[in-house]
Structures are given as structure tokens and as C-alpha cells.
Amino acid sequence: MWVYVEDLPRHVGEKVELRGWLANRRKSGKLVFLILRDGTGFVQGVVNRAEVDEETFERARRLYYESSVRVTGKVRADSRAPGGVELDVEKIEVIQATTDYPIPKVREENIPDVGKLLAQRHLWIRSRRQWAILRVRDEVQRAIEDFLHQEGFLRLDAPILTTMAVEGTTTLFRTDYFGEPAYLSQSGQLYMEALACSHGKVYCFGPTFRAEKSKTRRHLTEFWMMEPEWAFATLEDLLDLIENLLVYVVARVLERRRRELEMLGRDLTRLEAVQKPFPRITYDEAVEILHKAGLAFTPPDDFGGDEETVISQAFDRPVMVTHYPAEVKAFYMKRDPERPDRVRCVDVLAPEGYGEIVGGSEREDDYETLVQRIREHGLPLEPYQWYLDLRRYGTVPHGGFGLGLERTVAWITGVRHVRETIPFPRMLEKIYP
RNA sequence: UCCCCGGUAGCUCAAUCGGCAGAGCGGCGGGCUGUUAACCCGUAGGUUGCAGGUUCGAGUCCUGCCCGGGGAGCCA
């Protein structure tokens, strides 16, 4: 009977078949230990020379890692096993015998450098570390969707091919749409604003593309963003939603992917600290923190990586920074009536220097003001006509935010670089495999 | 686009002042009945990124190029 590794504890004493790959092999005289993985987990199979025929024992002795196999044996509870169970192997069927796997089986002291691993990303994802990271990614994604549906949001995705910029024209990937120029989406937000006027609470979750010439551990040219948009929401409503969302997501990962976090060596106490309330500070207060830390920072300016790190390290949980100067933020953000040089926006900075994981705002809902902002930002009015319609026909106050999936996963897993948090990262001048 | 670091065995790295190119891991062969990225013995494995230059002699010094990494600018 075919059983997955994660289900083995329910089959102790039974004879089962595992289908998977050899992750490692250790030999000890008349015993061979086969570490098998099948996608759901890892388990050690024990091949005892005294209990199998000579051919099976020889096959086990010579089996090279990353060979694909079907292994039959009896499940045995064993306190020595990390997962609590082992398999007493009776039969090994080799589907394909690998003989020269490109990624070496190595110890901690000589892991290949990251350039070589990235060139083998299609195989690298089989390693324990990458396996654990991507399982956390899946859980983060699911937790976000579960939470938003509980809150009454509908997932209605935005198009990828568009005709206009959301975040600035220099970072658009241009493509050809039947002879007309088109761009890969930088954000689904404008479309979500339209959908919010149809369904009230909506979100999209998909890839976004930014042709930024950035070579840092926080940047990808293709990354996944989750963007809720909420009709009649104020900045304060958004702050509450973000706070509840992040607390929920972290708790879910701690509950369902604790083993993976431990495999990654994550300090779980840092995640357990992620509880309400999150600190809420203004841009001005953030600047004070920078000045107290001795940084030479002159507002109005946006925070760079160094600034974000210093601000976030002042707190043990995500910090929400609001009311940025209007000139450093996007055209669609609504000015604060009490301070017209400030916008009613929020950036959420993850702890431990992981940088901005959420950015959001109330949206400008007045037709004339919005037209003026588009002009001020040097953007063409024509492609935005449908967007302006939203302010012509029943405009309402509303707002939303975008959460960057890869940065969030990097923070939760403790992985330094976002390139490990997506299956196939796209970075500056890197698109293979 | 700019700055910094690097490229030596399949992988990670040594190689003193410019003087015989080495080790660990991995592979292969052997040993070991409880290993947890095992251990022990043996063994094979090299166009020192590429091209040129200096020198009696270059992995080492010089020039150019290629590739990789880190950072900045930029950027939700």
C-alpha cells in the first residue's frame, strides 16, 4: 500500500510502500541506512543484511542519492528516529539510478556558493532547507487567504497585462500586445479599487513585475503581492486589518510549520512576540528614532534599507509608520486634511531588519484632485480614464494595501535573501532556470 | 551605471618573499549491526576563469576581458 511519509505514524506495524527519492545514505557494516524523501517528509529506512536477499542489500549499498525509488517495508516506531518512525526495508525498486547529481552532497562547512546553487535552482529546491522554506511559503499564502475570507473579502484577481503605470514608469516591463505597447503589472491596485466599488471588500494575489535595477537581498523583478482594497475604509481600519492579518499568519505558521521553522534554525521566540498591539508611529517619529541613533537623515526623503533596519530594530514586532511626506509617495494616496503635505499612508516594517513588507494608504477619491496628481507626476491622463470614472460615478472613501509575499516569508523563516523564498527567482539579469 | 571582494580537483578552501599545486568533503574500492550532513583504511582526480605581458621561473606581479558574490544608486 502506497503511503506518504507524513502519514507513517498512523501505520506502525504495517507493511507499506514509499515512493520518492534517496536523500542520503549511510553504511555501517551489515546495515545500510537510506534517508528517503517523498515531498511530505523524510524518513530513515534500515536495510539489514540478515533480513533481505543479497541483491537487495547490494542495491541499497550502491544506491546514489537523488535516485528515484519505490521502497517497501514495515513501519516501526523508534525513539532514535527524528520523526518517531523508521522503515525496516524489505524491497527496493529503483525507478532511475542517478549516478552524477550536479549538486554535491555536502556538509555544512562546504556548501556550494549561491551562484552555483541558483544555476541549479530546479534541483536545489529538493534540498531540506529549500523544501522547508517553500512549505512555509505555502502556509503563509494559505493563511492570508483564510484570514481574508474570514473577514469577508473576495479574491478577484487583477490582469497582468496592462496599459498603465501604478508605481512609476521607469520600472515597467514593456511587452508587445498585438502591435500595441503593453506592460506587465506593477500592482493590481487600480483594478482592485474598481472591484471594491462592486464587492466592497476584495483582494488580489498574483505576480507583479518591476524592472528595478536593484541588486539587494530584498528585491526580485518578479514577486508576489497580496492586495486588499476596502470601500469606505479609513487608514485606522487598514491598520487594524494589517495587524490582525500579520498576527494570524505568524500564529498559523507557528502552529502548522513549526517543524520546518526548526529545521531552518529560526528563533521561535522572535515570532511568538508578534502579538497585538503593533507600535504605530508617524514618519516624524521615525525620523526622531533615526536621529537618536545617530543617522544623518534629512526629511523629506523616503527611508532606505539602512533607515528601515534601524527603525525596525527599535521594536520587537512589526512597526507601522504612517503619514509620509506626499512627495515621496505615489500619486493616488490621499493627503491628510490636517497636514496637506502628508499622505494618509502606512508602511509596515518587519522586525530584525527585513524591511518593508506592507505598504498601503487611503486613496484620493476626489476627481479634480486626482487629475491634478496624475499631471503632477508626469503621467499621461488617457490610460487612466477608466480609473477616473471611479471618481465620477459614486466615489467613496476607500483604501487598501499590498503585502509582499517573499519579504514576509523571508522574515518569518529568518532567511536572509528573498531569492530563497520563491521557487524560481527572477532577479536583475537572472532568468534561468 | 558605479564601488568592493572573489574565480586553484565535482564542492569548500590552502599554497610563506615570485621557486616541486595541497587538504577536507564528495566519488570509487575495502572495513564496521544503530548511523543521524557517521567513522576507519586505501585510491583516482588539475589547461590554477580566458587572452596577453614582465621574469631564468607566474596560482602568486601587470593590462584587458569573462563569470560569480556583496553593496550603492534606483526602487513601495
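Protein chains get the first letters and strands the later ones, always in sequence-line order, with residue 1 at the start of each. If you're wondering where the values come from, they're calculated on a predicted model, not measured in any experiment.
- B/A37 atom C1' lies 15 Å from atom OH of A/Y64, rounded to whole Å.
- Checked by atom type, the side-chain pair A/T309/A/D306 shows no donor-acceptor distance below 3.5 Å.
- Taking a pair to require two hydrogen-bonding distances under 3.5 Å in either a Watson-Crick or a G-U wobble arrangement, B/G45 remains unpaired.
- In the set B/C11, B/U36, B/U33, the nucleotide with an atom closest to the side chain of A/R80 is B/U36.
- The CG-P distance, from A/L22 to B/G27, rounds to 11 Å in whole Å.
- Counting any heavy atom pair closer than 4.0 Å across all strands shown, A/Q120 reaches no nucleic acid atom.
- Within 4.0 Å (heavy atoms only), A/R419 reaches sugar-phosphate atoms of the nucleic acid but no base atom.
- Residue contacts shown for A/V358 include a base, since a base heavy atom lies under 4.0 Å away.
- Atoms NZ (A/K215) and P (B/C74) sit 17 Å apart, rounded to a whole Å.
- Set against B/A37, B/C32, B/G27, the side chain of A/I111 has B/A37 as its closest nucleotide.
- Residue contacts for A/M333: at a heavy-atom cut-off of 4.0 Å it reaches a base atom on one of the strands shown.
- Note on A/K27: a base of the nucleic acid sits closer than 4.0 angstrom, heavy atoms only.
- Side-chain proximity of A/F33 to the nucleotides B/U35, B/G70, B/U12 is greatest for B/U35.
- When each of B/G34, B/C11, B/A72 is scored by its nearest atom to the side-chain atoms of A/D306, the top-ranked nucleotide is B/A72.
- Between A/R26 atom CZ and B/G26 atom C1' there is a gap of 15 Å when expressed in whole angstrom units.
- The side chain of A/P112 has B/U12 as its nearest neighbour among B/A72, B/U33, B/U12.
- Residue A/E260 forms a side chain to side chain donor-acceptor pair (under 3.5 Å) with just one option from A/R266, A/R128, A/R135, and that option is A/R135.
- Taking atom CG of A/L172 as the reference point, atom P of B/C74 lies 18 Å away to the nearest angstrom.
- We find that CZ of A/R217 is positioned 12 Å from C1' of B/G71, with the value rounded to whole Å.
- Across all strands shown, A/G115 has heavy atoms under 4.0 Å from sugar-phosphate atoms exclusively, and none from any base.
- Looking at heavy-atom distances under 4.0 Å, A/A50 makes contact with a base.
- Side-chain proximity of A/L31 to the nucleotides B/U33, B/G69, B/A37 is greatest for B/U33.
- Within the nucleic acid shown, A/R62 comes within 4.0 Å of sugar-phosphate atoms alone, with no base atom in reach, counting heavy atoms only.
- Rounded to whole Å, the separation between the P atoms of B/A44 and B/U35 comes to 32 Å.
- Base pairing analysis places B/U1 opposite B/A72; the two distances defining the Watson-Crick or G-U wobble pair are each below 3.5 Å.
- Rounded to the nearest 0.5 angstrom, A/L117 CG and A/R129 CZ are separated by 10.0 Å.
- Comparing A/V328 and A/L118 against RNA chain B, the residue whose closest nucleotide sits nearer the 5' end is A/L118.
- Among the atoms of the strands shown, only primed sugar atoms or phosphate atoms (P, OP1, OP2) are found under 4.0 Å from some heavy atom of A/R61.
- As judged by a 4.0 angstrom heavy-atom cut-off over every strand, A/R76 is placed among the base-contacting residues.
- For B/A9 and B/G45, the P atoms lie 15 Å apart once the distance is rounded to whole Å.
- Using a 4.0 Å heavy-atom criterion, one finds that A/G360 contacts the bases of the nucleic acid, with or without backbone contacts as well.
- Closest contact between the side chain of A/H417 and the listed nucleotides B/G34, B/A38, B/G70 involves B/G70.
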